[in-house]
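All residue numbers in this chain count up from 1 along the given sequence. Both ligands and their constituent atoms are indexed starting at 1 by order of listing.
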Amino acid sequence: MTTTPTAGPTTAVAARATELSKTYGQGETRVVALDRVSVDFRQAEFTAIMGPSGSGKSTLMHCVAGLDTFSSGSVRIGDTELGSLKDKQLTKLRRDKIGFIFQAFNLLPTLTALENITLPMDIAGRKPDKAWLDRVIDMVGLSGRLSHRPSQLSGGQQQRVAVARALASRPDIIFGDEPTGNLDSRSGAEVLGFLRNSVRELGQTVVMVTHDPVAAAYSDRVVFLADGRIVDEMHAPTADAVLDLMKQFDAKGRTS
Ligand SMILES: Nc1ncnc2c1ncn2[C@@H]1O[C@H](COP(=O)(O)OP(=O)(O)OP(=O)(O)O)[C@@H](O)[C@H]1O
Ligand SMILES: [Mg+2]
């Protein structure tokens, strides 16, 4: 079964991949990481991307976020075609429009929590909106830890710094590659609840790769990948429904 999830005419699209393919290597070592993937990520929607290891989740996210090149097809962030951009323009678009949360938090060890949060804006020469920044910091519960360095923070706190950093500049879209993969379930739940609130209350757009059905249940929609293709989609997911579908895929994988 192949589905092509696209937004209806009334919903604005934050990012769109059309017939997106990415291959690695040549000849015998050639790997098709993405095979003509078409998908929309709508504004103010929380999308989870799931699928087995090696199914192309990170590749899809990196290509749509302008972090990686693709072999064919096209990617749009808002109204901008990534393929039409020069390197400098792409760097600027990433900096101005996109927020990232990685599994390894990528915080700078010599900077305080607050300095890490405002770093992307400092690099861009932009002044943070103070009221917004306070709101974000308050929401992630870091007010008492702003002058701490990453080594003085727990894993969950470091991840919350990474989330605050992604939200602080009010990007058009936030991408997270297993943003809670390194957290215990309570810290993970906090970060996920915060991401969901940012979508519900602030209209943020979030795309998150995850292996965890419980994490996926925080999203509005789950897109399932297998072998570089989108094989299914689920709206208003629950952890049980996601788990059931994953079991079906596993069973199919064993019999084919
Ligand atoms: N730099 C690379 N060179 C060659 N093949 C690669 C490279 N990066 C990824 N691949 C291959 O592309 C496919 C998709 O990889 P990708 O990292 O997107 O998977 P994933 O779904 O994110 O997996 P995981 O859940 O393990 O993170 C895999 O088969 C992988 O081996
Ligand atoms: Mg991955």
Side-chain angles (χ1 to χ4, degrees), residues 1-5 15-41 46-75 77 82 87 90 94 98-106 155 159 162-163 166 173-183 185 188 191-192 195 206-219 221-234 237 239 242-243 245-254 256:
M1 177 180 39
T2 308
T3 53
T4 306
R16 165 176 288 168
T18 308
E19 295 279 303
L20 183 66
S21 291
K22 164 102 183 162
T23 54
Y24 290 106
Q26 301 276 330
E28 297 225 322
T29 60
R30 187 166 180 268
V31 173
V32 181
L34 292 178
D35 187 6
R36 286 162 292 155
V37 169
S38 296
V39 63
D40 283 352
F41 301 111
F46 188 174
T47 306
I49 300 175
M50 300 193 82
S53 180
S55 58
K57 303 181 297 295
S58 296
T59 307
L60 175 62
M61 215 189 76
H62 290 170
C63 288
V64 175
L67 287 169
D68 204 350
T69 57
F70 40 92
S71 309
S72 62
S74 64
V75 172
I77 296 281
L82 296 194
D87 277 356
L90 189 60
R94 269 202 312 260
I98 301 176
F100 296 101
I101 311 164
F102 297 100
Q103 187 172 7
F105 320 130
N106 290 342
Q159 190 61 308
V163 172
I173 184 163
I174 290 181
F175 292 96
D177 198 348
E178 300 187 47
T180 56
N182 278 325
L183 303 180
S185 57
V191 167
L192 289 163
L195 283 174
V206 177
V207 179
M208 166 183 81
V209 170
T210 183
H211 282 109
D212 178 5
V214 174
Y218 282 80
S219 73
R221 174 175 75 135
V222 186
V223 171
F224 294 89
L225 279 181
D227 296 328
R229 292 190 190 155
I230 292 180
V231 291
D232 215 335
E233 187 184 2
M234 185 187 287
V242 170
L243 199 58
L245 198 58
M246 286 165 75
K247 279 185 195 151
Q248 284 177 32
F249 290 145
D250 277 355
K252 268 189 211 151
R254 271 196 296 276
S256 62

In Å and rounded to the nearest 0.5 Å, what is the CZ to CE distance from Phe102 to Met61?
-> 6.0 Å

Cys63 and Phe70: which non-hydrogen atoms are nearest, and at how many Å?
-> SG-CB, 4.0 Å

Tell me, which residues have any heavy atom less than 4.0 Å from some atom of ligand 1?
-> Tyr24, Val31, Ala33, Pro52, Ser53, Gly54, Ser55, Gly56, Lys57, Ser58, Thr59, His211

Would Phe224 and Phe249 satisfy ring pair (Phe, Tyr, Trp, His ring centres under 6.0 Å), going step by step from the backbone distance to the final call?
-> CA-CA 10 Å; Phe224 294 89; Phe249 290 145; 5.6 Å; yes

Near the Mg ion (ligand 2), meaning under 2.8 Å, how many protein N/O/S atoms are there?
-> 1

Scanning both residues in full, the closest heavy-atom pair of Val209 with Pro179 reads O-CD, 3.7 Å

Identify every side-chain donor-acceptor pair in residues 22-31 under 3.5 Å, counting partners at least two apart or on other chains, and give the distances.
from: Lys22; atom 1: NZ; to: Asp68; atom 2: OD1; distance (Å): 3.3
from: Lys22; atom 1: NZ; to: Thr69; atom 2: O; distance (Å): 2.8
from: Thr23; atom 1: OG1; to: Ser71; atom 2: OG; distance (Å): 3.4
from: Thr29; atom 1: OG1; to: Gln26; atom 2: O; distance (Å): 2.9

Show me the donor-acceptor pairs, under 3.5 Å and distance only, between side chains in residues 49-59 and residues at least two apart or in other chains.
from: Ser55; atom 1: OG; to: Pro52; atom 2: O; distance (Å): 2.6
from: Lys57; atom 1: NZ; to: Gly51; atom 2: O; distance (Å): 2.9
from: Lys57; atom 1: NZ; to: Pro52; atom 2: O; distance (Å): 3.0
from: Ser58; atom 1: OG; to: Asp177; atom 2: OD2; distance (Å): 2.7

Does CG in Asp227 sit with more than 12 non-hydrogen atoms of other residues, nucleotides or ligands closer than 6.0 Å?
-> no

Closest contact, heavy atoms only, Ala239 versus Ala217 = N-CB, 3.6 Å

Taking all non-hydrogen atoms of both residues, which atom of Pro237 and which atom of Val242 are closest, and how far apart?
-> CB-CG2, 3.7 Å

